[in-house]
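Just so you know, these numbers use all the heavy atoms, side chains as well, and skip hydrogens, waters and symmetry mates. One-based numbering along the sequence shown.
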Amino acid sequence: MDRVEELKREAGIAACSFVSNGMRIGLGTGSTVKYTVIEIARMISEEGIDVIGVPTSESTRELAEGLGIPLSTLEEASPLDITIDGADEFDSDFQLIKGGGGALTREKRVAEKSGAMVVVADDRKQVETLGEFDLPLEVRKYDWQNVSEQLQRICPGQVSLRGGESPYVTDNGGYILDCRFGPTISDPASMENQIKSIDGVVEVGLFVDMCDAVVMAATSGVATLLKQGGRLA
Ligand code: 5RP
């Protein structure tokens, strides 16, 4: 396992300190939270904890199902106690860019219905200002060109259809546009509102005021950063 993979594993496992018996847990998507899902399965089989998971993507559903985690849907299990998920970037206000794995819409719906949100990440994801990572948007399939044109007013850089000529299709049947803002998103709430006002946008990969803690792994160790005034502080 290379060093970055090891950091992902450390963060993913450490976040399970937020998991306890009886919880309903939103299970995020990605290569870091994968280790959280594996650890939750271990806690079920070895420690006997009783939890229910709500997956945020088909890939997480398959992983969790294969590991024997009891699953439910958001409709049935809501409200959830906690969601644990990855992120592509987080800033010092605990604002996030997500959607690198294309699951942003379900990830946001699940996080919105959760009592708290914990992000698992390695320290490469920590930024001063959001936007170095291209901002993903989910758009309705047949509106992507129109949305892309409208975005020229807002986004200074390139807007790309993920997958190009063979577009990536989300679990909801939508497309993803990746928007090159550069590290300029200092007011993510207003940016989210501006983008959401464009007809055809399903969801924006800005998670504003949703994250309560980041479990961040670095070569110096794992740190749990708690948002002051957040739901876990
Ligand atoms: C998926 C996501 C992921 O959580 C995000 O891309 C981080 O993934 P990884 O842990 O693989 O870097 O938002 O839509």
Side-chain angles (χ1 to χ4, degrees), residues 7-8 11-12 14-15 18 26-33 36 56-57 80-139 151 153-157 159 162 170 176-198 201-218 222-233:
L7 294 180
K8 290 180 182 191
F18 288 100
L27 303 173
T29 298
S31 58
T32 313
V33 78
T36 305
T56 53
S57 63
L80 309 182
D81 296 290
I82 200 162
T83 283
I84 305 177
D85 203 346
D88 300 299
E89 285 186 351
F90 65 93
D91 70 11
S92 55
D93 294 325
F94 294 74
Q95 314 293 31
L96 314 174
I97 286 184
K98 286 185 48 55
L104 62 139
T105 301
R106 285 206 213 173
E107 288 173 334
K108 204 181 261 193
R109 295 293 90 79
V110 169
E112 281 166 352
K113 296 283 184 191
S114 298
M117 180 184 192
V118 174
V119 158
V120 287
D122 59 77
D123 59 349
R124 297 169 310 153
K125 310 286 184 71
Q126 187 174 38
V127 299
E128 214 162 284
T129 309
L130 298 174
E132 181 76 50
F133 189 92
D134 290 355
L135 176 66
L137 319 178
E138 179 162 353
V139 298
L151 278 166
R153 290 185 286 117
I154 302 171
C155 178
V159 175
R162 191 176 293 180
T170 71
I176 299 283
L177 293 177
D178 292 303
C179 308
R180 182 149 303 163
F181 280 92
T184 60
I185 307 177
S186 50
D187 185 350
S190 102
M191 179 64 72
E192 184 185 22
N193 286 337
Q194 272 189 75
I195 297 174
K196 270 198 144 171
S197 69
I198 300 173
V201 172
V202 175
E203 197 46 88
V204 182
L206 286 166
F207 283 50
V208 178
D209 297 339
M210 299 183 87
C211 173
D212 302 287
V214 176
V215 177
M216 181 182 75
V222 178
T224 296
L225 315 174
L226 289 180
K227 182 178 177 175
Q228 265 193 358
R231 295 167 292 182
L232 295 169

What I'd like to find out is whether the side chain of [X] reaches to under 4.5 Å of the side chain of [Y], using heavy atoms alone.
X	Y	result
C179	V159	yes
V214	F94	yes
I198	R153	yes
I176	L104	yes
M210	L96	no

Nearest 0.5 Å please: distance from the [atom1] atom of [X] over to the [atom2] atom of [Y].
X	Y	atom1	atom2	value
L137	T105	CG	OG1	9.5 Å
F18	I84	CZ	CD1	8.0 Å
M216	F90	CE	CZ	5.0 Å
R124	D88	CZ	CG	10.0 Å
L135	M191	CG	CE	8.0 Å
D123	L7	CG	CG	6.5 Å

[X] side-chain N/O to [Y] backbone N/O, donor-acceptor pair under 3.5 Å:
X	Y	value
K98	G86	yes
E89	G131	yes
R109	T56	no
D93	Q95	no
D212	A116	no

**OP:** Please name all residues satisfying salt bridge (charged side-chain N to carboxylate O under 4.0 Å, His left out) with K227, sequence neighbours left out, ordered by chain then number.
**Re:**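 For K227, the residues satisfying salt bridge (charged side-chain N to carboxylate O under 4.0 Å, His left out) (neighbours in sequence not counted) are D209.
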
Original post:
For T36 and G12, which heavy atoms make the closest approach, and how far apart are they?
Top reply: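 Residues T36 and G12, closest heavy atoms: OG1-O, 2.8 Å.
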
Subject >> Which atom of I195 lies closest to which atom of F181, heavy atoms considered >> reply: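 What the structure gives for the nearest pair is CD1-CZ, 4.1 Å.
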
**OP:** List in chain and number order the residues that pass side chain to side chain donor-acceptor pair (under 3.5 Å) with D178, two or more places apart in sequence or in another chain; answer none if no residue qualifies.
**Re:**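 Applying side chain to side chain donor-acceptor pair (under 3.5 Å) to D178 gives R162.
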
Subject >> Intermediate values then yes/no, salt bridge (charged side-chain N to carboxylate O under 4.0 Å, His left out), K108 and E192 >> reply: CA-CA 13 Å; K108 204 181 261 193; E192 184 185 22; 2.6 Å; yes

Subject >> Residue pairs, two or more places apart or on separate chains, that pass salt bridge (charged side-chain N to carboxylate O under 4.0 Å, His left out) and touch residues 125-136 >> reply: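 Only D134-R180 qualify under salt bridge (charged side-chain N to carboxylate O under 4.0 Å, His left out).
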
